[in-house]
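Read the structure below first, then the notes.
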Amino acid sequence: ADTVTLQLKWVVQGQFAGYLVAKDKGFYEEENLDVTIKPGGPDIAPEQVIAGGGADVVVTWMAAGLAARDKGVNLVNIAQPYKKAGMQLVCPKDGPIQTTDDFKGHTLGVWFFGNEYPFYAWMNSLGIPTEGGPDGVTVLKQSFDVQPLIQKQADCISVMTYNEYWQVIDAGFKPEDLIVFNYTEMGVDLLEDGLYVMEENLSDPAFKDKMVRFVRASMKGWQYAMDNPEEAAEIIMDNGGQDENHQARMIGEVAKLIDTPDAKLLVPAYERTAKALLDQKIIEKEPSGAYTTEITDAM
Amino acid sequence: MTAAMPVIEAKKLGLTFETGDGQVHALSNVDLTINTGEFVSFIGPSGCGKTTFLRVIADLEQPTSGTITVNGMTPQQAREQRAYGYVFQAAGLFPWRTIERNVALPLEIMGYSKQEIAERIGRTLDLVNLKGFEKKYPWQLSGGMQQRASIARALAFDADLLLMDEPFGALDEIVRDHLNEQLLKLWARTEKTIGFVTHSIPEAVYLSTKIVVMSPRPGRVTDVIESDLPRERPLDIRESPEFLAIAARVRDGLRAGHSYED
Amino acid sequence: MTAAMPVIEAKKLGLTFETGDGQVHALSNVDLTINTGEFVSFIGPSGCGKTTFLRVIADLEQPTSGTITVNGMTPQQAREQRAYGYVFQAAGLFPWRTIERNVALPLEIMGYSKQEIAERIGRTLDLVNLKGFEKKYPWQLSGGMQQRASIARALAFDADLLLMDEPFGALDEIVRDHLNEQLLKLWARTEKTIGFVTHSIPEAVYLSTKIVVMSPRPGRVTDVIESDLPRERPLDIRESPEFLAIAARVRDGLRAGHSYED
Amino acid sequence: MSFLLRNWQSSLVLALVVMSMAFLPIISSGGVGSAFLIVLLIVAGAVGAMVLKDRIAILVLLFGAAHGAVWLLIGALSGKTGEATTSFYLLLAASWLLAWRLVTVLSSIKPKGRGVDVFLRLFIPLLFGAWLLILWEAIVRGAGIPFVLLPPPSAVAARFSNSLPILAADVNQTIFKAVLFGYVVGCGTGFLAAILADRFVFMRRGLLPIGNLVSALPIIGVAPIMVMWFGFDWQSKAAVVIIMTFFPMLVNTVTGLAAAGHMERDLMRTYASGYWQTLAKLRLPAAMPFIFNALKINSTLALIGAIVAEFFGTPVVGMGFRISTEVGRMNVDMVWAEIAVAALAGSVFYGVIALAERAVTFWHPSIRGG
Amino acid sequence: MTDRLRDKIWPVTVILMGILAAWYVGSYSMNAPFQRDLDRRAGETPSFSEFVVKTMSQPKPTLPAPHQVAQNFFENTFLRKVTSSRSLVYHAGITLSSTLAGFAIGTVLGILIAVGIVHVTALDRSLMPWIITSQTIPILALAPMIIVVLAAVGITGLLPKALISTYLSFFPVAVGMVKGLRSPDVLHLDLMRTYNASRWETFWKLRLPASVPFLFASMKVAVAASLVGAIVGELPTGAIAGIGAKLLNGSYYSQTIDMFSALVAGSIVAALLVAAVGIVGKIVERNMGGRAA
Ligand SMILES: Nc1ncnc2c1ncn2[C@@H]1O[C@H](COP(=O)(O)OP(=O)(O)OP(=O)(O)O)[C@@H](O)[C@H]1O
Ligand SMILES: Nc1ncnc2c1ncn2[C@@H]1O[C@H](COP(=O)(O)OP(=O)(O)OP(=O)(O)O)[C@@H](O)[C@H]1O
Ligand SMILES: Cc1ncc(C[n+]2csc(CCO)c2C)c(N)n1
Ligand SMILES: [Mg+2]
Ligand SMILES: [Mg+2]
């Protein structure tokens with residue numbers, strides 16, 4: 001069987017259910033693939049792993065992928081399972097922030113490590129400086145958790161619809177207690193989990209074929225996970241996930257972002273992402289060849 | 001002179017060390033009385049318990065049998081009243097203090113005034129002939145000089161009871177004679193009681209009013225010799241027949257304590 | 001006896017220590033020749049440079065002027081040929097070794113066989129009367145016993161040149177006499193050359209074929225006395241007029257080196 | 001023979017040069033022209049170091065040969081990243097050996113004047129460090145290691161000099177706020193706890209086991225909790241530093257307080273010296289080498305602690321923040337620039353403490369020279 | 001036995017009680033604000049005693065109460081199979097193995113470096129400052145890169161984590177040993193010189209025994225540092241197993257109770273390790289004729 005190593009962006013959780021299910025259910029084997037899944041974690045940059053030869057294909061966010069490409073790691077998006085962004089900013093309703101006009105002079109929790117681009121793009125479009133002071137917002141590098149909201153260290157924090165949002169709810173907030181700013185709904189979303197490979201590998205037809213089979217099996221896994229969230233959560237738990245109910249719920253939420261599991265990249269979303277990065281000078285030159293539809297077309 | 005009052009009274013004193021491979025009887029059945037103003041020398045083969053006895057007096061070692069009183073108190077009480085000046089067998093100077101600061105150490109602890117300290121440092125360093133070495137550190141001095149500094153340290157403050165463990169062992173004869181004389185003068189002037197360990201028979205006889213001869217395994221007192229030499233002792237008293245007679249008695253006592261005789 | 005061949009030849013030897021507050025002239029202009037099989041004592045006030053001179057011979061200190069040869073070589077070469085046995089002023093036993101392992105140390109280093117080592121430990125500990133203390137650690141021994149152990153350590157191996165820095169300072173007269181005799185016997189038997197620092201005039205005269213009197217600040221040789229006493233020396237030779245005459249000369253030399261005279 | 005052994009570096013250099021001839025050229029797409037000059041330089045250095053008598057001449061020759069050769073080697077790489085051949089690495093190793101020889105000769109100098117001594121004390125380690133960087137540069141560029149894995153030092157240096165204001169702000173946040181405060185408080189409380197444990201047997205018996213348990217807390221777990229308790233600004237980082245520095249100080253001080261000799265303690269006993277007097281005049285001075293040991297260990301721990309704690313929630317300034325953020329942005333050169341700053345600051349910090357140690361424990365055999 | 005009670009158990013118990021009391025007070029006051037918010041949003045007005053109970057039974061408290069931690073710790077230690085990934089014993093075992101591996105390598109490396117520094121002037125002059133500098137590099141910044149680079153050359157599993165432990169633990173050993181190897185008396189060194197003892201013999205018979213107290217003091221610090229290294233090393237490896245993984249996952253889901261019981265487990269491991277080193281040190285010193293202080 002052909003071997004494939006996949007590097008995840010984060011620890012094992014419902015966010016990556018499709019790949020884990022595909023492996024567990026033997027979908028990869030059916031495609032004659034022997035897939036190794038490497039979990040990620042804080043400060044594991046998948047772009048670095050693939051550049052070092054530690055993986056054949058990685059899951060990462062497009063902003064990070066394009067930034068890496070700009071730095072000479074020639075990543076190419078071969079598939080985009082997540083159609084919509086899951087990131088949002090939530091604020092307690094009894095706090096000072098009700099609308100985007102209230103941001104000035106307050107503290108917002110933001111995830112860094114390549115996850116900060118959508119936030120800065122949004123602030124950029126709102127015209128709010130991020131250096132603090134009465135006319136800008138104070139940015140706080142948010143930890144892994146939702147504590148800054150509970151501790152009132154920040155007035156709003158970043159959450160993923162499928163993960164931290166539910167932790168806020170679990171902590172005793174009711175949905176009606178929260179003001180939510182969803183990046184997708186506001187039209188300032190950047191593409192999230194996609195599959196990326198090194199450009200030089202793509203010139204090899206055998207590799208291309210391997211990727212076609214890989215993406216096909218992965219999407220079959222996603223379909224299965226969306227149809228059987230309980231069983232998928234079980235599989236995730238077996239692979240080191242935490243909190244079974246939370247994982248099942250996460251898969252349900254992720255399903256909403258994936259929509260139809262065809263992994264096709266929406267070119268307008270790509271272009272919006274690239275433009276936002278250019279506008280903020282996160283990348284210096286207009287990206288070209290940063291995606292290919294050949295793999296998904298061949299599925 | 002005040003009437004002879006016992007400063008130290010040891011009765012059936014015994015001390016046994018527990019070591020990894022059995023017991024060492026350092027002292028056994030020691031009976032001894034030392035009166036105020038006496039100058040008592042301890043002499044005996046090495047390992048016979050001289051140091052141990054001095055340490056018991058100074059409350060540095062606890063006897064395992066018998067009793068001992070110092071000025072009618074327990075050694076601990078006496079120590080807490082700062083009754084002792086102690087010169088150890090090794091110099092034991094603090095390497096981070098200069099010679100003068102080493103001498104100043106007990107004075108600082110006992111709360112002498114700055115001025116008084118300076119004055120006493122000068123006086124005692126002069127006494128042991130270490131003028132000019134005030135600012136040196138111990139490791140910059142020869143062994144004998146270190147030992148003299150440690151003597152100065154013990155003489156700098158006013159303890160009624162001076163315990164000296166081979167203080168002059170590392171000194172040459174001339175300095176030793178000089179210091180012997182100085183010590184006698186100091187003793188005559190201050191009426192201190194002195195306990196003095198030495199290996200030199202002439203030194204013991206020259207200095208003491210009482211000589212305690214000890215013998216080892218187990219450490220015990222084999223002879224106590226009261227000296228009838230006058231209190232005023234010029235150095236040439238050492239050639240006098242009385243002196244030589246006492247010395248001979250000490251030598252005999254010592255020899256008896258040794259296992260080898262050839 | 002082999003013809004007198006110089007073992008040590010010092011010419012205009014000088015050594016100055018640099019200290020924080022100025023120079024100390026420990027040795028200056030020392031001229032001295034020591035021949036094979038001689039027993040040379042160094043005597044002088046404390047701080048006059050005796051230890052320093054021994055250390056220069058043993059290549060532990062580098063002279064700052066003049067020259068010195070040992071067996072016609074530099075001290076370093078002689079040291080590399082293991083020409084020295086050295087007894088330091090302080091015992092310097094290794095606290096983590098028992099007495100017998102301490103004595104075994106040089107033997108191990110010089111590659112003696114196990115059996116030979118055991119045999120020599122027994123013999124030398126016997127010589128210094130420390131039988132029964134083989135398994136004790138240094139801190140379980142009295143000061144004099146430690147010093148004797150360190151002497152045993154230096155005698156255990158066969159060095160042609162034995163340097164001893166106040167080896168008997170901490171011992172009582174009887175043991176001292178005993179060890180003096182033993183040392184003389186050993187010397188007669190092995191024809192070692194011995195450099196010996198002492199503060200005792202009788203000891204120096206009793207042991208030596210040559211007595212070097214030194215004086216301090218700066219350390220220099222003020223007198224070299226050749227002893228014409230016979231090589232065979234019973235202990236009572238110390239009462240003979242020849243002996244006393246030499247002793248008197250040494251005492252005068254010593255006294256001249258001291259600043260205080262009363 | 002012994003002549004060859006005494007200077008084994010030179011002999012090995014010549015062997016390496018001969019071997020490198022078999023693998024020419026040094027750059028896979030290049031000629032052998034510059035290689036000739038490099039080989040000449042290296043051989044001159046090696047042979048010179050063996051035959052010359054004058055030490056100054058040897059030093060000058062070695063310095064010139066080693067650095068000239070490596071300069072040419074790295075120069076040959078410009079525009080040809082990743083094309084180094086075996087021959088390149090052999091010559092690189094040869095020039096490095098020459099530098100080693102240089103350091104060996106320099107170290108054997110027993111300086112007379114104080115100025116020369118200070119110069120050597122600084123120059124030798126700097127030379128060593130410079131060669132670490134040189135080797136890093138040559139290997140990264142020679143082997144074409146991806147920039148996002150390990151950037152060459154030259155790129156780091158460029159980034160460093162372009163980002164001084166950011167670096168300064170980060171240092172201010174991390175070192176001047178968190179580290180210094182945490183270090184002083186952590187070492188101070190560790191010291192006081194040690195005294196307390198020493199003074200009251202009850203405390204020692206009760207506090208030491210619990211102290212061991214609590215203070216060996218893995219800081220990784222503590223950091224998020226500290227952020228929860230003390231907020232995301234520098235106070236929580238200082239708290240982490242306090243926890244990290246407390247344990248070494250406690251342990252070392254307790255050990256040090258037991259280090260005074262038996263005779264010295266007996267001496268103080270005969271003076272009926274009180275606890276505090278014995279502490280001040282005997283046991284603390286005797287404990288100083290141990291206390292400084294802790295101060296030195298802590299100086300590096302404090303820096304690591306503060307930086308690592310910033311991985312968990314901070315304002316958008318600070319060395320740890322910058323490092324974790326810039327890794328995510330693939331600005332690995334900025335990461336290394338921050339690491340360089342951390343290393344520099346840490347070394348200075350350590351150096352200051354080492355100087356203080358020399359001044360305070362001047363009497364210790366290890367300082368007097370043993 | 002009564003001695004033991006008086007000398008060991010009683011003081012520890014008293015101080016523990018004090019800490020526990022302070023902890024309860026702390027967890028009340030730290031959890032109260034959030035509880036008040038919760039109640040306000042839910043429109044409840046509990047009595048004071050009800051409120052206190054609530055602050056001590058939050059599922060994700062800011063500072064969990066001791067009994068919450070104790071219960072969690074008990075469940076996860078004693079009621080789970082040791083092979084289960086929910087067992088703290090299992091996680092502690094994983095961490096312990098890389099700690100020990102790293103500690104062993106680090107100690108050996110530290111000793112070797114110290115020996116080199118004490119014996120080779122060129123190393124003494126050039127290496128020491130860089131060893132110190134090495135410790136100022138924030139390891140967590142390097143850890144992911146080390147793991148990535150090592151994985152790229154095919155080294156995975158225990159070794160990368162152990163190497164991070166090594167990195168942290170070699171330093172105290174190296175510094176302590178340099179000091180220890182230089183600690184012999186001048187007199188003792190002179191003695192060896194008169195024997196013309198080789199460097200090796202001087203090292204083996206003098207420097208090494210003299211350095212033993214220093215070695216064990218540094219090893220105590222090093223073993224604690226190793227544990228930190230192992231935990232740090234577990235974070236970027238996918239955080240699947242080990243105390244570090246428990247901590248990370250706990251913090252990722254704000255499961256403070258889990259985090260605290262993982263911390264307790266870590267501390268116990270640390271204390272056991274430090275105690276073990278201490279005991280070995282005592283035994284060695286006793287066999288070297290050590291004298292009770
Ligand atoms: N701490 C100790 N532990 C075990 N034995 C000891 C200890 N201190 C001394 N001894 C033993 O007690 C005996 C008496 O020792 P002490 O030091 O009193 O002798 P000393 O008469 O002063 O000898 P010296 O003239 O050699 O100094 C010796 O046999 C010694 O080995
Ligand atoms: N390391 C040193 N640094 C500075 N001065 C020193 C050093 N060693 C010795 N001296 C000085 O050199 C002089 C000679 O010292 P040395 O030890 O040789 O005397 P000594 O004759 O052996 O005396 P003693 O009989 O007291 O042992 C002394 O004044 C001493 O202070
Ligand atoms: C350092 C750090 N980075 C990101 C997140 C948030 N997070 C958790 S999952 C996820 C999606 C990744 O695909 C994101 C952004 C965090 N908590 N800590
Ligand atoms: Mg004694
Ligand atoms: Mg001397």
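Source: prediction; values computed, not measured. We use all heavy atoms of the structure for the numbers below, so side chains are in, but hydrogens, waters and symmetry mates are not.
Taking the centre of each ring, D:F232 and D:F321 stay at or above the 6.0 Å mark.
Looking at D:S78, its side chain never comes within 3.5 Å of a backbone N or O of D:I74 through a donor-acceptor pair. Not a single donor-acceptor pair under 3.5 Å links the side chain of D:T245 to the backbone N or O of D:N298.
With rounding to the nearest 0.5 angstrom, the CG atom of D:L167 is 11.0 Å from the CG atom of D:L344.
Scored by the side-chain contact (heavy atoms from CB on, under 4.5 Å) test, D:W96 finds D:W100, D:W131, D:L135 as partners (sequence neighbours excluded).
Within a 6.0 Å sphere centred on CZ of D:F181, other residues, nucleotides and ligands contribute 12 heavy atoms or fewer.
Contacts between A:V73 and chain D at a heavy-atom distance below 4.5 Å involve the side chain alone, from C-beta outward.
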Return one line per donor-acceptor pair between chain D and chain A under 3.5 Å, naming both atoms and the distance rounded to 0.1 Å.
from, atom 1, to, atom 2, distance (Å)
D:V148, O, A:Q48, NE2, 2.9
D:V227, O, A:Q153, NE2, 2.9
D:M228, O, A:Q153, NE2, 3.4
D:F311, O, A:K141, NZ, 2.9
D:T314, N, A:K141, O, 3.1
D:T314, O, A:K141, N, 2.5
D:S324, OG, A:K141, NZ, 2.9
D:R329, NE, A:E116, OE2, 2.6
D:R329, NH2, A:E116, OE2, 2.9
D:N331, OD1, A:K71, NZ, 3.0

